[in-house]
Amino acid sequence: MLKRAAVAIAVLAIGLAALFWFITAPEPLAAAQLPAHSPDPVNGERMFHAAGCSSCHAAAQAKGEDKLKLAGGLELNTEFGVFRVPNISPDPDTGIGGWSDLDFVNAVMRGVSPGGAHYYPALPYASYTRMRVEDVLDLKAYMDTLPPVQTRVAGHALRFPYNVRRGVGLWKRLYLTDQPAVELAGGNDLALRGRYLVEGPGHCAECHTSRDFLGGLKPDLWLAGAPNPEGRGTIPNITSGDGGIGGWSEGEIAEAFKSGFKPDFDTFGGQMAAVQQDLARLPDEDLQAIAAYLKAVPPLPDAVQRPAGGS
Amino acid sequence: MRRLMWGGAALAIGIASTVAVATEDPIATRKQLMQSNGASMGAAQALVKGEVPFDARVAMAALQNFEAVGYAFGDYFPPGSDQGDTRASPKIWAEMAEFQQYVTDFREDAAAAVAAKPETLEAFQTALGPIGENCQQCHEEFREEN
């Protein structure tokens, strides 16, 4: 009898393990799913700035040409452990110089490595999954032109259970979607372009939206601010609700991204300073599109209590 | 004579109480100083963008204020004032010398701009450039965005 129970438990455990293995399997694109596309590195550069790749993959506070050296190495101290930002320069040994187009698209849009393992969503593929494949291919064409840097970055140091990479598959089942986060009923082309830039490459929600206990974004608090993942304080509410940027006109939002001066002639600070410097490289129409979208999202009050501004 | 003495005493008390208020609430004081900088930058940008016609006196008022703020601002970060209603990064107190160097650079760039006495919009833009970069760089490193 006891033996039977043991066998039953063993069978159940194996079944659960098999189920876990099955539902956490990475789901990369197949080569046949890549569209025929002749890559445009000029659009790729635009995507590079919109996506803010330098903010994490270049050295901290890098300026000018140094922002194009994507050697990684930055350490992100989070509640899950330490993430170490990888080298994504085109160095064939220590960077991603040896990657195929398919490898790149799967990494950026599916969070799957060339070896078929999950990446952690510290790489914001939960946003990049909304990108057009063509834009991602253009991005790779541009990044292939950047200087290779030979630097080997150590792996992440995460706590259990987060160090079980396969578990990321569960996270993807819960949170990975290529559908827009905000319905723009009757949205005009400008706002729709803005939605693409903000929700896709710009990955604004990754910092500006609060997360649940598993680290998934809370869609009902979209862009309404969040705790600062890199320290104390908060990331601001960028909807037009209470505490947000309702007082900024579309023109003022676009101008702030371009010049670095907000409507009260304060400059951007903290992590947003580097983001603004990237956004300033986008054409005016893209900045206006982002502004149009931010004015169109549902206005929400601050999701997190924060001090009234100042220095 | 007596009147003058009373006047002097009143003035002294006035100054003393200003200082007392400032040291009692360094956070509020440094915010006021930054808002004053923001107002000057607003005027400066209005000139640069051509929203108002260039006027050398307005330009000089902005530059003079930047320099004056540069003399005072660094004094309002005493130990303990990292706590409270502030966006100042705790890094300021960990790397005080580096932070104060930014303030000094800001003041010196402002002083150079004042000394240059810009009479044209082009000259003013040239003088203003490094000041704006100081703002941006120091905010990137030493101020939180919340």
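Lettering follows sequence order; numbering is per chain, from 1.
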>> Taking NZ in A:Lys63 as the centre, count heavy atoms belonging to other residues, nucleotides or ligands within less than 6.0 Å. Is the count above 12?
In response: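 Counting neighbours around NZ of A:Lys63, more than 12 heavy atoms of other residues, nucleotides or ligands fall under 6.0 Å, so yes.
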> Are more than 12 heavy atoms from other residues, nucleotides or ligands located less than 6.0 Å from atom CZ of A:Arg281?
Replying inline: no
> With a 4.5 angstrom heavy-atom cut-off, which part of B:Glu141 approaches chain A: side chain, backbone, both or neither?
Replying inline: both
> Who among B:Gly38, B:Cys135, B:Gly42 has the most heavy-atom pairs with chain A under 4.5 Å?
Replying inline: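 When all of B:Gly38, B:Cys135, B:Gly42 are compared, B:Gly42 has the most.
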>> Looking at every heavy atom in both A:Ala51 and A:Tyr128, which two are closest together, and how far apart are they?
In response: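 Of all heavy-atom pairs spanning A:Ala51 and A:Tyr128, the closest is O-OH, 3.3 Å.
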>> At a 4.5 Å cut-off on heavy atoms, which part of A:Ala274 comes close to chain B: side chain, backbone, both, or neither?
In response: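 It is both, since atoms from each part get that close.
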>> Quick one about A:Gln271 and A:Ser55 (side-chain donor to acceptor, distance below 3.5 Å, no hydrogens or angles considered), yes or no?
In response: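 No, no side-chain donor-acceptor pair sits under 3.5 Å.
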